[in-house]
J.: 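This is the structure I want to talk about, given as structure tokens.
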Amino acid sequence: MTTSTKNIPSKYDPSVVEDKWYSFWLQNKYFHSQVDHTKKPYTIVIPPPNVTGVLHMGHMLNNTIQDVLIRRARMQGYNACWVPGTDHAAIATEAKVVRKLRERGISKKDLSREQFLEHAWEWTHTHGGIILDQLKKLGASCDWDRTAFTLDKDYAESVVDAFIDLYEKGKIYRSARMINWDPAARTALSDEEVIYKEVNSKLYHIRYKIVDSNEFVTIATTRPETILGDTAICIHPDDERYTHLHGKHAIVPLVNRVVPIILDKYVEMDFGTGCLKVTPAHDINDYELGEKHNLETINMMNPNGTISEEGELYIGQDRFVVRKQIAIDLETAGNLVNIEDYTNKVGYSERTDVVIEPRLSLQWWLSMKEIAKPALDNVMEDNVEFFPKKFKNTYRHWMENVKDWCVSRQLWWGHQIPVFYYGEGDNDYVVAKSKEKALETAKVKSRNPTLSLNDLRQDEDVLDTWFSSWLWPISLFDPTFIREHHNREPNEELEYYFQRANEGHAYQKSELGNSTLVTAPEIMFFWVARMIISGYEYVGNKPFNSVYYTGIVRDKLGRKMSKSLGNSPDPLDLIAQFGADGVRMGMLFSTPAGNDLPFDPSICEQGKKFSNKIWNAFRFLTLNLQDELEYSPTLSIDREQLVDRWMMARIQQTILGINNDFKDYKLNDALKKVYSLIWDDFCDWYIELSKPEYGKPFDRQKMNVALGFFEVLMKLLHPFMPFISEEIWQYIGNRSKEEALCISEWPMYDSSYDSKIDIEQFETFKSIVSILRNIRAENQISPKTEITVYIKTVSDEVSQYLNKNSWILSQLQDINELKISTSIEKPRASASALIGGNEIYVPLAGIIDIEKELNRINKEIQRLEGFLKGVNGKLNNPNFRNNAPESVVQNELNKKRDGEANLLKLKEQLKDFE
RNA sequence: GCGUUCUUAGCUCAGUUGGUUAGAGCGCCACGUUGACAUCGUGGAGGUCGGCAGUUCGAAUCUGCCAGAACGCACCA
């Protein structure tokens with residue numbers, strides 16, 4: 001890159017600059033990582049977005065955070081590897097494809113599995129990876145050579161391997177149980193895929209006739225259609241109201257089925273009538289009652305949510321249509337007692353948003369209790385550290401009560417379950433990698449040597465999408481390891497990016513953990529917990545040192561931003577409007593780790609303004625070096641100059657502060673520190689003071705030192721705003737073609753420059769300037785009018801450094817006379833102020849607005865008196881003097897001494913106006 | 001219902017082990033274009049730290065109760 005001063009545009013145009021540098025970074029493969037044992041690894045695996053998804057604000061936040069972490073690690077000299085990829089997202093993608101096909105008049109049930117998968121792949125090829133291109137716009141510094149997809153051949157094999165391995169270990173089994181059934185997708189779901197929502201519904205009271213009696217019992221239900229599957233009425237054995245019904249039978253209305261009245265303490269006598277209808281096939285609790293009391297199960301619903309033949313009536317009609325109709329019919333039959341409004345919670349499918357039906361079904365399960373143990377313990381011991389900490393509790397609660405995982409899904413898009421059936425019996429199957437392999441075992445197991453490939457039928461179902469993504473950190477690096485882990489060590493990549501990156505305990509505050517997962521808390525159970533489980537199960541180690549849970553991006557009304565609500569701005573529009581840097585900064589600026597982000601596009605405005613400020617500061621420094629062919633930024637400061645020492649000290653403070661913030665993942669605090677360093681310290685003070693006296697030429701050396709500082713500032717800014725920082729950094733220095741800010745060294749903290757005295761002294765100057773500005777504002781004195789300033793200092797030491805650096809005052813204020821000494825005669829009719837006990841006087845005879853000045857002094861006196869009242873209150877309290885530590889008492893005494901001295905000075909000043 | 005985390009300026013949030021009369025950014029008000037930036041500069045006004053008790057010499061900070069919010073888990077048909 002040229003460092004010529006020519007052609008620095010007066011306006012900063014992110015769209016041009018950002019594309020330019022992104023291509024440059026890619027061309028030079030700065031984001032590519034390979035095993036290098038001379039460097040420490042730092043690994044991030046991306047939470048793979050749905051392959052056909054498009055970027056939303058949640059992705060923006062999530063990936064910005066990952067990019068900040070990986071870019072800083074890269075600059076710190078880590079071998080930083082951020083692996084990107086996409087997830088096939090079984091049910092989500094399949095639902096999308098089904099919808100698309102329906103729009104084209106094609107129904108899934110008219111297609112064969114192969115035909116459907118052809119459509120799905122076509123869809124994947126046209127839309128797949130769009131989201132990854134969008135991430136590039138954001139500046140994501142992923143190693144794109146490693147881009148993976150959960151249905152890639154190698155990866156898919158590892159998923160099947162895991163199933164086989166766990167089956168062979170006895171962890172996977174097949175069982176008929178109550179499951180959550182999604183009637184729209186027509187598949188089983190895991191418990192985590194069900195979302196409970198509070199809804200306004202109706203409670204139907206229905207009476208059942210008692211056999212051989214004119215009596216009725218009344219039950220209540222929110223799902224009257226399920227009476228078609230009733231096989232009992234249940235009452236509490238101690239319920240005296242119903243003692244006479246023990247051993248009797250009741251008649252289910254409409255279907256006129258005779259069912260027993262059973263007794264069980266499960267029934268709450270206080271709720272409703274104390275009578276419960278029992279539908280074992282369609283309710284979890286009822287199922288358990290059914291098992292216990294040997295009840296018949298009537299499966300009255302089809303997989304698509306219509307009534308089945310077993311239901312006898314309303315066959316083929318939708319469950320919700322029937323719910324209305326059956327109420328009418330029950331009324332007609334005289335069985336409907338009443339209907340009341342009722343609020344209850346109903347389970348909905350996370351993906352299709354339809355009401356879940358509990359249903360008895362034969363599925364594949366993974367036994368969780370045992371394999372979850374190390375994953376629970378290591379998080380509890382902070383060996384895997386959660387940020388924010390509060391999620392440890394949620395995690396523990398889930399892990400301690402972890403239930404077996406239903407891993408089979410009645411879908412086609414995904415990893416087909418490697419189970420081959422050779423007969424109709426419950427155990428007539430073998431688990432194998434392929435049909436061919438299955439055949440041999442099947443022959444033995446079935447004792448039928450004539451069995452052929454045609455006799456084998458593979459399980460139709462696919463695996464839960466999370467059953468593939470839980471292997472993400474392993475199979476990205478070593479896809480055959482799952483299969484071979486009994487016989488060999490991890491390959492070089494897995495060893496380096498997984499094992500070595502996660503060596504030791506996470507809780508080492510001395511440096512950043514070497515591997516971080518950045519994700520949403522919503523998928524803690526779906527994904528995070530299961531990845532930790534698979535890490536210990538297969539590699540014997542955690543897959544990451546720390547987990548950073550991001551907040552949820554919400555709109556102004558506090559609603560989660562989602563495509564369906566249409567309340568999410570298009571991230572690419574935002575980037576076009578504010579620049580990727582602007583959007584990144586806007587989001588990071590207002591998200592403490594784990595907090596939700598109330599998003600308003602205007603927060604990106606601040607990012608854009610910041611870019612503009614930086615650009616203009618840069619332009620100012622270089623405009624005045626127009627004759628230079630190359631800049632010579634330098635950090636060899638003039639040690640005699642307070643302002644240089646101060647700037648250096650502020651930089652050191654900031655480096656230290658940022659490094660600490662990163663250890664706690666307080667990215668917004670870190671960014672705020674950089675922001676303030678650049679805007680408040682560098683632009684508002686340092687640059688102002690680097691300007692020469694009016695009319696005089698610019699000091700080349702000063703400009704070069706300013707550029708030297710600027711260079712450091714751009715390094716500190718780079719993880720957050722990679723584009724503008726790279727652009728400026730490239731301009732500033734004499735860079736060779738291979739150089740880039742993104743691979744330059746992170747600034748080292750240098751304690752020799754971190755001087756509290758320099759900062760204190762400069763702060764005094766800042767306060768004096770502020771007070772002079774304030775005096776001008778109150779007395780309406782234009783900045784151009786010269787003023788006289790006397791400073792009566794508290795000590796010779798103060799006089800000395802103020803005098804030595806008095807040019808700072810003259811530079812920032814038009815002053816015709818400046819006196820600094822311990823022995824200043826207080827001038828009459830002057831505006832005055834106190835700074836650290838030092839008295840500032842600005843004689844303003846004839847100009848001064850006496851009322852305002854009196855006001856100001858009186859206000860200050862009032863404040864001080866109140867302050868001293870508090871201090872004296874403490875000091876006069878014997879309990880305080882006896883109990884408080886000596887240092888605290890001494891501190892109060894100092895406050896009293898200084899406060900009283902200041903009060904005296906203020907009262908003197910007041911006398912002037914009497 | 002159980003559990004967890006919260007409640008600080010108009011908004012979004014800081015506030016380290018209790019110890020200056022509580023800070024920042026945005027927004028708001030006033031003033032301001034002499035060498036980069038009006039996408040800017042300068043100054044200013046905003047809070048009895050959700051409420052009530054308690055512990056303590058001293059509470060935004062610790063404890064209890066109450067009110068409200070968010071999340072997780074389990075749910076009565």
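Note that the coordinates shown come from a computational prediction; the quantities given were computed from them, not determined experimentally. Throughout, a chain's letter reflects where its sequence line sits, starting with A, and its residues are numbered from 1. Worth knowing before you read on, the calculation uses all heavy atoms, side chains too, and leaves out hydrogens, waters and symmetry mates.
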J.: What interatomic distance, in whole Å, is found between P of U5(B) and the corresponding atom of A45(B)?
T.: 39 Å
J.: Starting at atom CD1 of I233(A), determine the distance to atom P of A77(B), rounded to an integer number of angstrom.
T.: 16 Å
J.: Based on the glycosidic angle (syn within 90° of 0, else anti), state the conformation of G46(B).
T.: syn
J.: What interatomic distance, in whole Å, is found between P of C6(B) and the corresponding atom of G15(B)?
T.: 11 Å
J.: Could you check whether P885(A) gets within reach of a base, just the sugar-phosphate, or nothing at all, counting any heavy atom under 4.0 Å?
T.: base
J.: Within the 3.5 Å criterion, strictly below it, is a donor on H293(A) or D264(A) matched to an acceptor on the partner's side chain?
T.: yes
J.: Quick one: I603(A) CD1 to A24(B) P, roughly how many Å, whole number?
T.: 21 Å
J.: So, does N883(A) get its side chain near the phosphate of C57(B), meaning an N or O under 4.0 Å from OP1 or OP2?
T.: yes
J.: Take atom CG of D286(A) and atom C1' of C76(B), then tell me their distance rounded to the nearest Å.
T.: 12 Å
J.: Within this structure, what is the CD-to-P distance between E400(A) and A74(B), rounded to whole angstrom?
T.: 14 Å
J.: Will you find, in the side chains of Y266(A) and N285(A), an N or O donor that is under 3.5 Å from an N or O acceptor?
T.: yes
J.: NA contact type, N877(A), heavy-atom cut-off 4.0 Å: base, sugar-phosphate, or nothing?
T.: sugar-phosphate
J.: With a non-hydrogen cut-off below 4.0 angstrom, is K691(A) in contact with a base, only sugar-phosphate, or nothing?
T.: base
J.: Taking atom P in both U48(B) and A22(B), compute the distance separating them and give it to the nearest angstrom.
T.: 12 Å
J.: Using only side-chain N and O atoms of K403(A), determine if any of them is under 4.0 Å from OP1 or OP2 of A74(B).
T.: yes
J.: Using a cut-off of strictly less than 4.0 Å, decide whether Y196(A) has a side-chain nitrogen or oxygen near OP1 or OP2 of A74(B).
T.: no
J.: Does the side chain of S770(A) get closer than 4.0 angstrom to OP1 or OP2 of G43(B) through an N or O atom?
T.: yes
J.: Find the distance M524(A):CE to U4(B):C1' and express it as a whole number of Å.
T.: 11 Å
J.: Using atom C1' of each nucleotide, how far apart are U16(B) and C57(B) to the nearest Å?
T.: 23 Å
J.: Tell me whether the NZ or CZ atom of K197(A) lies within the 45° cone about the ring axis of Y348(A) and under 6.0 Å from its centre.
T.: yes
J.: Please state whether the base of A36(B) and the side chain of E688(A) form at least one donor-acceptor pair under 3.5 Å?
T.: yes
J.: Taking atom C1' in both A14(B) and U8(B), what distance in whole Å separates the two?
T.: 10 Å
J.: Please identify which of these residues, N816(A), N779(A), I775(A), V842(A), meets the side-chain contact (heavy atoms from CB on, under 4.5 Å) condition with I787(A).
T.: V842(A)
J.: Do the ring centers of Y395(A) and F386(A) come within less than 6.0 Å of each other?
T.: yes
J.: Separation of L588(A) atom CG from U12(B) atom P, in whole Å?
T.: 19 Å
J.: Describe the nucleic acid contact of F589(A) in one word from base, sugar-phosphate, nothing, applying a heavy-atom distance below 4.0 Å.
T.: sugar-phosphate
J.: Under 3.5 Å, is there an N or O donor on one side and an acceptor on the other linking the side chain of K874(A) and the base of C57(B)?
T.: no
J.: Is the distance from OP1 or OP2 of A45(B) to the nearest side-chain N or O of K859(A) less than 4.0 Å?
T.: yes
J.: Just to be sure I understand the rule, does K895(A) reach a base, reach only the sugar-phosphate, or reach nothing, if contact means heavy atoms closer than 4.0 Å?
T.: sugar-phosphate
J.: Does the side chain of K609(A) get closer than 4.0 angstrom to OP1 or OP2 of A38(B) through an N or O atom?
T.: no
J.: Classify the side-chain pair K277(A)/T279(A) by whether it contains a donor and acceptor separated by less than 3.5 Å.
T.: yes
J.: How far, in whole Å, is U63(B) from U56(B) if one measures between their P atoms?
T.: 16 Å
J.: Is it true that, when you exclude E886(A) itself, more than 12 heavy atoms of the residues, nucleotides or ligands shown sit nearer than 6.0 Å to its CD?
T.: no
J.: Less than 4.0 angstrom between a side-chain N/O of W679(A) and OP1 or OP2 of G41(B), yes or no?
T.: yes
J.: Given atom CZ of F620(A) and atom P of G35(B), what is their separation to the nearest angstrom?
T.: 11 Å
J.: For Y12(A), which contact category applies under a 4.0 Å heavy-atom criterion: base, sugar-phosphate, or nothing?
T.: nothing
J.: If only side-chain N and O atoms of N774(A) are considered, is one of them under 4.0 Å from the OP1 or OP2 phosphate oxygen of G44(B)?
T.: yes
J.: Rounded to the Å, how far apart are D191(A) CG and G72(B) C1'?
T.: 14 Å
J.: Please state the P separation for the pair C26(B) and U42(B) - nearest whole angstrom.
T.: 11 Å
J.: Distance check, C1' atoms only: C31(B) and G35(B), in whole angstrom units.
T.: 22 Å
J.: So S611(A), base contact, sugar-phosphate only, or nothing? Heavy-atom distance under 4.0 Å.
T.: nothing
